[in-house]
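In what follows, every chain begins at residue 1, and chains take the letters A, B, ... in the order their sequences are listed.
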2 protein chains.
Amino acid sequence: MSIDRKQLIIEAATKSFSLFGYKATTMDQVAKIANVGKGTIYTFFKNKEELFDEIVQMLIAEMKQVAEEAIDPQDSFHENVHRALFQLLQFRKKHQLSIKLMQEGREMGTPAVLEVMEKMEQAILTFIKEEVSKAIDAKEIKPCNPEVTAFIMLKIYVSLIFDWEQKREPLSEEEIAKLFELYLFQGLSI
Amino acid sequence: MSIDRKQLIIEAATKSFSLFGYKATTMDQVAKIANVGKGTIYTFFKNKEELFDEIVQMLIAEMKQVAEEAIDPQDSFHENVHRALFQLLQFRKKHQLSIKLMQEGREMGTPAVLEVMEKMEQAILTFIKEEVSKAIDAKEIKPCNPEVTAFIMLKIYVSLIFDWEQKREPLSEEEIAKLFELYLFQGLSI
DNA sequence: AAATGACTGTTTTGTTCATTTGGTCATTTA
DNA sequence: TAAATGACCAAATGAACAAAACAGTCATTT
């Protein structure tokens, strides 16, 4: 048998999704880039959306790895969460495919893309929630609802990293870490 | 002279904007509802956008009043901010015109509407920032950047009131108050 | 002097139709 | 003979055009 055709298709589709987005990627184009007959794609994937989903699954796995690499059991919980969330959002901010998908989700509202963005957010929330639960068990932080806490943490990070610099000077990583520490861990009370 | 024509126009336009949104409101329609010739509108307002802006100015003034009424100098800073932000966002959630505008901003991205939503957000931020500054001066809370703090507070509230219940059970006012108190004032640290 | 609505140039909307697209399947290939 | 293929098809898309609706003006009316 020649080289793995499924791999070729995945690589071609990833390239095209990253370059043009989901809607603007045609199956003919993917076949052409992969040097494969169009029908061949359908022997490996039920349809366009399933091909897309498989690629996004890989993206989520990559993100999970980035997050896990940011965790150092020696460090405190909030240093770990800060590093993990920061790395995660930087990843999302820099990776070609993530960027294209976020654009397409916002600007065109492509349903398949919105669905996939949900999944990515859910994956991040699950990861953080797990870390929060561990920290509560280890009595590193006060008892609290891990789901709400993970949700708030992610929202604060997205706010500081994406929303704030929409209209203002971007904040440096250290500033973000300090703010996170102040608001979420120390608290504003005197 | 007959009854105040400018007032009639403002009332008619408010009704139409609330019912159909900015784009779907035509000047002919406003004139008809107001029982006024179309040309009359242009003796009071330069164009459609200026009419819209004047109405939104009134909405913002109303919001400011709601926020101010929520502040009780006897109470602590965080009780006051909680009440003010909560009232503000409930107002936004219940008022016909706000609802229509938020919909139109999200779904159609009408530029005039987005612009106006910016203004509303800025008004809220300025109000909270002012309260934060006062609280710092009164040594009620730790020194911090009032602008970032106001920004984070609003984000947390919008997250808890709007975003959270997108996919989960809504949180009650008391729950939101408790969460706000825990995350922002007490801090998660033990 | 204030109010008006018919008028105008522009934008939006509805419609048509040729092209493109996702997906199938009979044929080809190795 | 199993895997690969591309011609093929129904459905979706969008370009092009005509018709309608629109914001804003201004000569006329009140």
Side-chain angles (χ1 to χ4, degrees), chain A residues 1-56 100-101 104-105 107-116, chain B residues 1-17 19-56 100-101 103-105 107-116:
Chain A
M1 202 208 279
S2 63
I3 31 170
D4 188 359
R5 308 178 98 65
K6 185 172 179 182
Q7 199 50 41
L8 282 178
I9 291 165
I10 288 180
E11 276 162 27
T14 303
K15 189 184 280 182
S16 184
F17 286 140
S18 301
L19 233 44
F20 310 112
Y22 178 77
K23 269 205 72 174
T25 289
T26 72
M27 295 304 257
D28 281 299
Q29 198 178 27
V30 172
K32 188 120 143 241
I33 298 176
N35 261 105
V36 147
K38 184 162 59 154
T40 308
I41 300 177
Y42 289 88
T43 66
F44 295 112
F45 304 96
K46 213 173 79 226
N47 51 39
K48 184 179 178 181
E49 199 160 339
E50 211 172 71
L51 169 60
F52 183 51
D53 278 349
E54 188 150 330
I55 287 170
V56 170
K100 255 276 161 309
L101 293 184
E104 196 172 344
E107 290 168 14
M108 323 178 52
T110 317
V113 172
L114 290 179
E115 225 169 83
V116 136
Chain B
M1 202 209 284
S2 64
I3 32 171
D4 188 359
R5 309 179 96 67
K6 185 173 179 181
Q7 198 52 40
L8 282 178
I9 291 165
I10 288 181
E11 275 161 28
T14 302
K15 188 184 278 181
S16 183
F17 286 140
L19 233 43
F20 310 112
Y22 178 77
K23 267 203 74 175
T25 289
T26 70
M27 296 303 258
D28 282 297
Q29 199 178 26
V30 172
K32 190 122 141 235
I33 297 176
N35 262 105
V36 147
K38 185 158 60 149
T40 310
I41 300 177
Y42 288 88
T43 65
F44 295 111
F45 305 95
K46 212 173 79 227
N47 52 38
K48 185 180 178 181
E49 198 160 339
E50 211 171 72
L51 169 58
F52 183 51
D53 277 350
E54 187 149 330
I55 287 170
V56 171
K100 255 277 163 302
L101 293 185
Q103 265 185 16
E104 194 173 345
E107 290 168 15
M108 324 179 49
T110 316
V113 172
L114 290 178
E115 224 170 83
V116 138

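- In this structure, Leu19(A) and Lys100(A) have side chains that are not in contact, with every pair of non-hydrogen atoms separated by 4.5 Å or more.
- Within the shown strands, dA1(C) is the pairing partner of dT30(D) under the Watson-Crick or G-U definition, both distances less than 3.5 Å.
- When the side-chain nitrogen and oxygen atoms of Arg5(B) are compared with OP1 and OP2 of dA3(C), one or more of them lie within a distance under 4.0 Å.
- A distance-only check finds a donor-acceptor pair linking the side chain of Thr25(B) to the backbone of Ser16(B) [under 3.5 Å].
- Contact record, Thr40(A) with Arg5(A): CG2-NE, 4.3 Å, taken as the closest heavy-atom pair.
- The separation between Lys48(A) atom NZ and dT20(C) atom P is 16 Å, rounded to whole Å.
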Could you go step by step and tell me if Phe20(A) and Gln29(A) meet the side-chain contact (heavy atoms from CB on, under 4.5 Å) rule? CA-CA 11 Å; Phe20(A) 310 112; Gln29(A) 198 178 27; 3.5 Å; yes
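- Classified by interplanar angle (parallel below 30°, tilted 30° to 60°, perpendicular above 60°), the ring pair Tyr22(B)/Phe17(B) is parallel.
- Summarising the geometry, the separation between CZ on Phe45(B) and P on dG24(D) is reported as 13 Å, rounded to the nearest angstrom.
- Atom NZ in Lys6(B) sits about 16 Å away from atom P in dT4(C), given to the nearest Å.
- For the pair Tyr42(B) OH and dC7(C) C1', the interatomic distance rounds to 14 Å; values are reported in whole Å.
- Remark on DNA chain C: of its neighbouring residues Ala24(A) and Lys46(A), the 5'-side contact belongs to Ala24(A), judged by nearest-heavy-atom nucleotide.
- Base engagement by Thr40(B) is indicated by at least one non-hydrogen atom pair under 4.0 Å involving a base atom.
- Distance from the side chain of Phe44(A) is smallest for dA4(D) among the nucleotides dA4(D), dG24(D), dA3(C).
- Nucleotide dA7(D) holds its P atom 18 Å from the CE atom of Met27(A), rounded to whole Å.
- At whole-Å resolution of the value, CD in Gln29(B) and C1' in dA23(D) are 14 Å apart.
- Counting to the nearest Å, the C1' atom of dA3(D) and the CG atom of Leu8(A) are 15 Å from each other.
- The side chain of Thr43(B) places no N or O atom within less than 4.0 Å of a non-bridging phosphate oxygen (OP1 or OP2) of dA2(C).
- Taking side-chain N and O atoms only, Lys38(B) has no distance below 4.0 Å to OP1 or OP2 of dG5(C).
- Rounded to an integer number of Å, the gap from CD1 of Ile41(B) to C1' of dT25(D) is 14 Å.
- Both Val36(A) and Lys23(A) lie close to DNA chain D; mapped to their nearest nucleotides by heavy-atom distance, the more 5′-ward contact belongs to Val36(A).
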